[in-house]
Structure formats: C-alpha cells, structure tokens
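Structure first, then comments.
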Amino acid sequence: RRLTLTYDEPAHYRYGLQILSRRTAERFADSTMPVTALNAIPRAAGWAFARLQTGGAARRLGRDPRAGRYVTMFAAVLLGAVVCRWANELYGPAAGLFSLALCAFEPEILAHGQLITTDLYAALAVTLALYCFRRFVERPGLGRAAAGAAALGLAQLAKHAALILCPVFVMILAVRHSRRLARVPRRRDFRGAARAAAAAAGWAIFFISVSSAVIAAGFLFEGAGRPLDAYDFRSSLGRALQARAGPLGRLPLPLPSPYLQGLDWSQQYEEDGGVSGNLYLFGRLRPKGSPFAGYYFYALLFKVPLAVQAALWAALAAYVVRRKRFDFRRDEVYLLAPAAAAAVWFGLFFKAQVGVRYVLFAVPPLLVFCGSLLKGWEGFGPWRRAALLLLPLWQAASVLSWYPHFLPYFNELIMDRTRCYRVLADSNIDWGQGEWYLRRYMKAHPGAVVNPGGPTAGRVLVGVNLLTGVFQPERYRWLRENFEPVGSVAHTYLVYEIPPSALARIARGEGGGATPAPVSRAPRSTAPGGRPPR
C-alpha cells in the first residue's frame, strides 16, 4: 500500500474513469484500454455512497485512486485459478497446485497484479482465451465457440499485444490438424478437405464477428462503421495500408475508431520510441528505435526466478523423455505456441524495449506446462517428490526476500542488489513506485541530495533511469563511471558516498571519466525530479 502510483497508472485510471463516468472512449494515449474501467469501480461506488450520505469510510476509499488496485488484485487471483484449473485438467491435482504455486510467487505477476495498468489483465485474458479456444477445438459447439470468441475479444480490450492470439490460433490449428492435412494428397480426399475448409471458414467468421462485437462494446461503439479512408493515421504502417486499400478503404469497418487509433498510435510508438528515453542493456545505451538483439531473452534470464527457469527446462527435458505419455497436438501446443510467437515477434522485431512486462502474457501458459513435471505424481518416490517441492519453496524464498518491491526483482544471477542497474533499467527497476520510501529516507537523512544538478560531494541519491542514462545520458556520466553505490532506497534510488577529494581528482582528469561541470552552489534539492513522462 506504500508503493506510490507508477508513471503510467494515472493515465490508465483516468481513461477507465472517463469510460465509466463520461461514457466516452475517446483516446488521449496509445496504451490505455477499456479494461481499466474496472479499476474505476471503487471511485463510482464512492460517488454512490456520497449521494446516499452514508458510508464515510467507503467515500474516502473511493476518492483514493489506489483503491482501484484492488480490482487488479482480484484479476490476479482469477489468473491463478485459471492456471490451476488448466494444469489440473491436463496433469492432475498435484500439478494444478504446483503450477498455482509458481504463479502465486511469480514476481512480475505480483508486481503488476497490484497496479492500475493493463499488463496483468492481458496475461489473464490471453490465458483465458487460450483455455477456451482449446475447449472449443477439442469439442466444437456453439457455446464453446461463443466463449472462445468472447475471450478473444476481451483480450483485445486489455492490451493491443493480444492481437498475437490471431496468428497463434492459426498456428495451433495447423499443428492440431497437421496429420489430417498431410493425408489429403495421399488419399485424394479433396471433397472432404473442401468441406472441412468451409466449416473452418464458417467458424472463423463466427469468431471474428463475436470478438469484433465485444471490442466494439468495450469501446462503447464509438466510431464503429467508419471507413479506413476516414482515419488520419500517424504510423507509417497505417498510412501504407490506407494508401494501398483502394476501393476497400471506403467500406465501413466493424471495429470502433478508438481501437484502431490505439493500434496506430502503438505502432507509431514502436517506430519512433514515442516519449520513452534511450534503450539500455548491460550498461550500453542506444537511441529509441534502435533495439538490442535478444533484449527480452536477456531480460527474462535475469528477471524470471531461477526456480521457474529450472522447472521449465526440466519440464521440457522430461517431456522429451516421456513424450509417449503426452499428446502435443491436443494439449501442449496451446501452452507453448504463445511463447514461440512472443519469442519471434518480441525477440526479433519489437522495438519498444522498456520492460519485461511486455511479454508477461506469455508466462502463465508456461507455468501450466511446468505442471507436466508432476504428471503421474502418485507413482513418484520420496526423493523425486522432495526435489519437485523444493522448486516452489526456492522460488518463494527468492521472491519474498524482495518484499514489497517485486517490480525491481532480479534473480540470484545478480547477488549484489545494488548492481542490478548494470543489466537493465527503465520499468524493469524504476517505474516511479518508490517515492514514499524516498521521502521516508530523506526525513532520516536530511543532508542527502537527490538527483543533484551537477557533481556533488556527500551522500547522493540518483534514480536508476537517470544514472544509467535512459534519460539525460550525460548528466550522471561522472557518477556512473567513477563511483559505486553503497546502498539503495526501494531499489529504485541508488545511494552514493562521494568524498570531496574524489571530485577534485575527477576534475583533474585522474578518474577515467568525463570532466564534470563545476559544482553548483545553489541550494540542494531534495525533490525526486527526473521523472520520465511515460
């Protein structure tokens, strides 16, 4: 409860409140989505109690934007329930509890499961859509198709990245029916293939129609029916599609205009980096729009608990050894296809490299797959059981040692927690959540200086994103190239002890870094400052 609102939460909360109170989905930011209207429900309840002139505590709670976080927490509980149920259905009750334990102590889920943002909602909606789609494919029917199509539409109301479900669904169907497709040329059953293709096309139209209706309803049907030519796209991709549409550009589109505008704005953000700062990895800086190769692979290596990584690799190895006990086309393809698609898109093409949260939606299906380690649990010996139980215990001990700061979590590949900034920065560590802890620290250390304007002796605190150069890269070159932190505040502000003699040596060019500007004689500032706009 003491974690302050992150940089993105006010915009998400404002958009949700706008939909709930003003009944409009008009856009003002690219990443805001209608799902955050759920986070505005406590505020609406506070208004209701105010009109009734009762429930003073409820009214006060409703006025606090952080009350909206409770809705995200409830969604995180639902995510755990879906993970547990899916693993239980595939591999048994022990596997369900094992996957649930991994999910309950997954640091990114704990971190984003208490924020008014869309990342946790996307993880829940994508997992639920995959689960419902599997049920439909295994036993096609109108009810299950409606559930799967609705879940697909709900995922689009949570995050634009959920569009990856469309190629994932196609990939799953190709794998699921690969044997049948391979038999068509041999048996020359082209009529049967045509009938199957027609049925598949019918179901595809049904999914597109239902999911489009859900998307339109989520955006309050604003602009639904506008033709492509009526849009003023910002991204080069949007303008290219508009230019090549020809007569099709005059046809009405069933999707609401705020949804298409959001896609366009997100694409523009990916193309030019938007208002984000420089990209950062392993101490190196690159301008936005110039991504690092393999950024998300490295980020996951350090941000995912080692116990979860061990469980995943063990599950893959055990799957290969015991593959005759599984049916990949029926079960595991639904769990591994999202990760494969995310690895290709985010690992090779995605340019917005500001946080591992972008791929959070692919994590829960992998946690379900980890439950495959416990298939046949009843026949396991005591040592094998003990080894498997050790994994979630190791994970819980690792993650809870960071409590309550789950957002900047790093696994044991980095033992000194004041050195995490050497690997990653941006929303992987500092998203503005540590301001309360900074204020408490400054009350206890009134002589300290926060984000000084120039080289300063004494106790100095600098935010991770300023220190690394994500923002204003030259401002703290003198600090990061010549000194090491001696501590941190909420893992987001690094603490330095700067002796005056060291500054003098740097000024004489003996420190190996850039010559600093003269020390400012202005009054020292204790304001956090340096907050990025996104």
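Note: hydrogens, waters and symmetry copies are ignored here, and every other heavy atom, side chains too, is used. Only a predicted model underlies this, so the values are computations on that prediction, with no experimental measurement involved.
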Could you walk me through whether L335 and L366 pass the side-chain contact (heavy atoms from CB on, under 4.5 Å) check?
CA-CA 6 Å; L335 305 175; L366 293 178; 6.0 Å; no
What's the verdict on side-chain contact (heavy atoms from CB on, under 4.5 Å) for H12 and T118, showing C-alpha distance, side-chain angles and the deciding distance?
CA-CA 8 Å; H12 288 293; T118 61; 3.8 Å; yes
What do the steps show when you test L79 against V83 for side-chain contact (heavy atoms from CB on, under 4.5 Å), and what is the final call?
CA-CA 6 Å; L79 175 60; V83 167; 4.3 Å; yes
Which heavy atom in R27 sits nearest to a heavy atom in P258, and how many Å separate them?
NE-O, 2.6 Å
Does L130 reach the side chain of L165, with side-chain heavy atoms less than 4.5 Å apart?
yes
Is there side-chain contact between L110 and Y403, with heavy atoms separated by less than 4.5 Å?
no
With distance as the sole test, does K159 use its side chain to make a donor-acceptor pair with the main-chain N or O of A123 at under 3.5 Å?
no
More than 12 heavy atoms of other residues, nucleotides or ligands under 6.0 Å from CZ of R322: yes or no?
yes
Would you check if the side chain of N39 reaches a backbone N or O of Y13 as a donor-acceptor pair within less than 3.5 Å?
no
With a 3.5 Å distance limit and no angle check, can you tell me whether T24 reaches the backbone of E26 through a side-chain donor-acceptor pair?
yes
Are any of the side-chain heavy atoms of F219 and L255 separated by less than 4.5 Å?
no
In the structure I gave you, are the side-chain heavy atoms of R329 and D327 within less than 4.5 Å of one another anywhere?
yes
On a heavy-atom basis, which atom in A216 and which in P254 lie closest, and how many Å separate them?
CB-O, 4.2 Å
Between I429 and L407, is the side-chain contact (heavy atoms from CB on, under 4.5 Å) condition met? List the steps.
CA-CA 6 Å; I429 298 179; L407 191 66; over 6 Å; no
When rounded to the nearest 0.5 angstrom, what is the spacing between CZ in R385 and CZ in F380?
8.5 Å
I need the Q156 CD to L263 CG distance, nearest 0.5 Å.
8.5 Å
Is the number of heavy atoms from other residues, nucleotides or ligands within 6.0 Å of CZ (F28) greater than 12?
yes
Using the side chain to side chain donor-acceptor pair (under 3.5 Å) rule, collect all pairs that involve residues 331-349, keeping only residues at least two apart or in two chains.
Y91-E332, R134-D331, E138-Y334, Y319-E332
Hey, are the side chains of L301 and L413 touching, using non-hydrogen atoms and a 4.5 Å cut-off?
yes
Measuring only between side-chain heavy atoms, which start at C-beta, is L90 closer than 4.5 Å to F369?
no
Parallel, tilted or perpendicular: ring planes of W402 versus F410, cut at 30 and 60 degrees:
tilted
Under 6.0 Å from the CZ atom of F74, do we count more than 12 heavy atoms belonging to anything else shown?
no
Polar side-chain atom of S427 near backbone of V354 as donor-acceptor pair, under 3.5 Å:
yes
Between E412 and S398 the two heavy atoms that sit nearest each other are OE2-OG, 2.5 Å
Around atom CZ of R14, are there more than 12 heavy atoms of other residues, nucleotides or ligands at under 6.0 Å?
no
Is a side-chain N or O of D430 found less than 3.5 angstrom from the main chain of G432, in a donor-acceptor match?
yes
Under a 3.5 Å distance rule, please check whether S235 uses its side chain to pair with a backbone N or O of S266 as donor and acceptor.
no
Side-chain donor/acceptor of S211 to backbone N/O of A150, under 3.5 Å:
no
Just by modelled atom types, is the Y409 backbone N or O under 3.5 Å from a matching donor or acceptor in the K303 side chain?
yes
Could you go through the ring-ring contact (aromatic ring centres under 6.0 Å, His included) check for Y358 and F350 one step at a time?
CA-CA 10 Å; Y358 278 85; F350 196 65; 5.4 Å; yes
Ignoring hydrogens and angles, state whether a donor on the side chain of S401 or R417 is under 3.5 Å from an acceptor on the partner side chain.
yes
Is the shortest heavy-atom distance from the side chain of P42 to the side chain of V71 under 4.5 Å?
yes
With distance as the sole criterion, is a donor-acceptor pair present between the side chains of E222 and S257 under 3.5 Å?
no
Looking at CG of L389 and CG of L374, how far apart are the two atoms once the value is rounded to the nearest 0.5 Å?
7.5 Å
Is it true that, when you exclude W436 itself, more than 12 heavy atoms of the residues, nucleotides or ligands shown sit nearer than 6.0 Å to its CH2?
yes
Let me confirm one number: the CZ-CZ distance from F105 to F406, rounded to the nearest 0.5 Å.
8.5 Å
For Y298, does the OH atom sit with more than 12 other heavy atoms under 6.0 Å from it, leaving out its own atoms?
no
Is it true that a side-chain atom of R66 and a backbone atom of R1 form a donor plus acceptor pair closer than 3.5 Å?
yes
Using every non-hydrogen atom in the two residues, find where I172 and A337 come nearest and quote the distance to one decimal.
CG1-CB, 3.9 Å
Does the side chain of R144 come within less than 4.5 Å of V137's, by heavy atoms?
no
Donor-acceptor check, side chain of Q433 to backbone of W431, threshold 3.5 angstrom: yes or no?
yes
Contact summary for D264 and G238, nearest pair of heavy atoms:
OD1-CA, 4.1 Å
Separation between CG of L348 and OH of Y295, rounded to the nearest 0.5 Å:
15.5 Å
Atom of A75, atom of Y121 and distance for their closest heavy-atom approach:
CB-CE2, 3.7 Å
Checking ring-ring contact (aromatic ring centres under 6.0 Å, His included) for the pair F136/F207: CA distance, chi angles, key distance, verdict?
CA-CA 11 Å; F136 161 72; F207 264 73; 5.3 Å; yes
Distance from D119 atom CG to L124 atom CG, nearest 0.5 Å?
13.0 Å
